[in-house]
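Written out below as structure tokens is the structure these notes cover.
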Amino acid sequence: MKVFTNQRFLTIYSGVLSVAFAVTILSGSSVTKPTTFDEINVRRINVVEPDGTLRMVISDHVKLPGIIVRGKEQAFARPQAGLLFYNDEGSENGGLVFGGRRNVKEEIVDSGGSLSFDKYGANQIIQLIGVDDKEDRFAGLSVTDSLTGTDTRRRVWVGRGEDGTATVNLMDAQGKKRIVMEVKPDGTPSLSFLDASGKVISQLPLSVK
């Protein structure tokens with residue numbers, strides 16, 4: 001049986017320890033430990049995939065990006081702050097935006113919020129929106145056929161208009177109203193059926209006895 005000399009044994013032992021130490025350090029450095037904050041102030045947060053693909057942006061008004069498609073940004077003015085969503089290819093596919101302020105004339109502008117989700121390669125197909133400022137006063141849920149690019153046709157609207165009327169509108173594939181159900185602010189209800197030209201062909205004035 002061959003016996004190692006003390007010097008040779010120490011040399012091998014030292015080498016094994018060095019390798020083990022190096023493996024421990026390198027493997028430990030690849031582990032990302034979560035960091036906990038009680039409070040953090042930021043102007044923008046980008047959430048990205050391991051390969052750098054953008055998936056979500058949380059931002060103030062100034063740093064909210066324009067329209068991003070496949071990682072390339074196109075200038076687009078947004079008067080709100082918010083949260084933008086991006087698909088697996090780094091293209092915008094929805095978001096939550098909100099705002100509201102008074103202009104130099106003390107008029108309320110850009111007041112409201114919107115949560116929307118987009119069709120792949122096209123525009124939004126569903127939107128929950130509420131606006132109340134000097135120009136518009138409405139709130140509701142919109143379902144849209146988004147064909148290509150900016151070609152959209154609203155198919156469903158459930159909401160309240162500027163005059164306070166609660167409305168359910170059902171549209172055809174061309175975006176034309178075919179069924180309109182309303183309740184006026186004074187409580188007067190109605191149900192109307194329309195043809196493709198927008199003419200009322202049947203109406204049901206409802207009354208409570």
message: Quick check: is L96 connected to I126 through a chain of hydrophobic side chains (ILVMFWY, heavy atoms under 4.5 Å apart)?
response: yes

task: Look up atom OG in S111 and atom CD in Q80, then write down how far apart they are to the nearest 0.5 Å.
output: 10.5 Å

task: Verify the cluster assignment for V97 and I58: are they in a single hydrophobic cluster under the rule of side-chain heavy atoms below 4.5 Å apart?
output: no

- request: List in chain and number order the residues that pass ring-ring contact (aromatic ring centres under 6.0 Å, His included) with F85, two or more places apart in sequence or in another chain; answer none if no residue qualifies.
  value: F117

query: For A81 and H61, which heavy atoms make the closest approach, and how far apart are they?
result: CB-N, 3.7 Å

field: Selection residues 42-51 - residue pairs positive for side chain to side chain donor-acceptor pair (under 3.5 Å), sequence neighbours left out
entry: R43-D60, R44-N46, E49-R55, D51-T53

- request: Spell out, as yes or no, whether a donor-acceptor pair under 3.5 Å connects the side chain of D133 to the backbone of D110.
  value: yes

- prompt: Say you draw a straight line from NZ of K177 to CZ of F193; how long is it, rounded to the nearest 0.5 Å?
  reply: 15.0 Å

field: Residues which pass side chain to side chain donor-acceptor pair (under 3.5 Å) with E135, listed by chain and number, not counting sequence neighbours
entry: none

statement: Sequence neighbours excluded, the answer for salt bridge (charged side-chain N to carboxylate O under 4.0 Å, His left out) partners of D118 is none

- prompt: Would you say K134 and N103 make side-chain contact, with heavy atoms under 4.5 Å?
  reply: yes

field: Partner set under side chain to side chain contact (heavy atoms under 4.5 Å, CB included) for Q127, not counting sequence neighbours
entry: S114, S116, Q124, I129

message: Which Ile, Leu, Val, Met, Phe, Trp or Tyr residues join V109 in one cluster when any pair of side-chain heavy atoms under 4.5 Å counts as a link?
response: none

- request: For the residue pair L84 and R78, establish whether any side-chain heavy-atom pair is separated by less than 4.5 Å.
  value: yes

query: Does F138 share a hydrophobic cluster with M181, counting links as ILVMFWY side-chain heavy atoms below 4.5 Å and allowing steps through other members?
result: no

Listing, residues 155-164 side-chain donor-acceptor contacts under 3.5 Å, not counting sequence neighbours, or none:
unit_1 : atom_1 : unit_2 : atom_2 : d
R155   : NE     : M171   : O      : 2.9
R155   : NE     : D172   : O      : 3.0
R155   : NH1    : D145   : OD2    : 2.9
R155   : NH2    : M171   : O      : 3.3
D163   : OD1    : T165   : N      : 3.0
D163   : OD1    : T165   : OG1    : 3.0
D163   : OD2    : T165   : OG1    : 3.1

Contacts table for residues 62-72: side-chain donor-acceptor under 3.5 angstrom, sequence neighbours left out:
unit_1 : atom_1 : unit_2 : atom_2 : d
R70    : NH1    : E89    : OE1    : 3.4
R70    : NH2    : E89    : OE1    : 3.3
R70    : NH2    : Y120   : OH     : 3.3

- prompt: Looking at side-chain heavy atoms only, is the closest gap between L83 and M56 below 4.5 Å?
  reply: yes

query: Do I179 and L191 come close enough that some side-chain heavy atom pair is under 4.5 Å?
result: yes

- prompt: Remaining members of V180's ILVMFWY cluster at a side-chain heavy-atom cut-off under 4.5 Å?
  reply: L194, V200

query: Who else is in V183's hydrophobic cluster (ILVMFWY, side-chain heavy atoms under 4.5 Å, direct or via others)?
result: none

- line: Quick note, salt bridge (Lys or Arg N to Asp or Glu O under 4.0 Å) partners involving residues 184-197, not counting sequence neighbours, are E182-K184

query: Quick one: CG on D151 to OG on S146, what's the gap to the nearest 0.5 Å?
result: 8.0 Å

query: Distance from I40 atom CD1 to I45 atom CD1, nearest 0.5 Å?
result: 6.0 Å

statement: For I108, the hydrophobic cluster (side chain heavy atoms closer than 4.5 Å, chained through members) also holds none

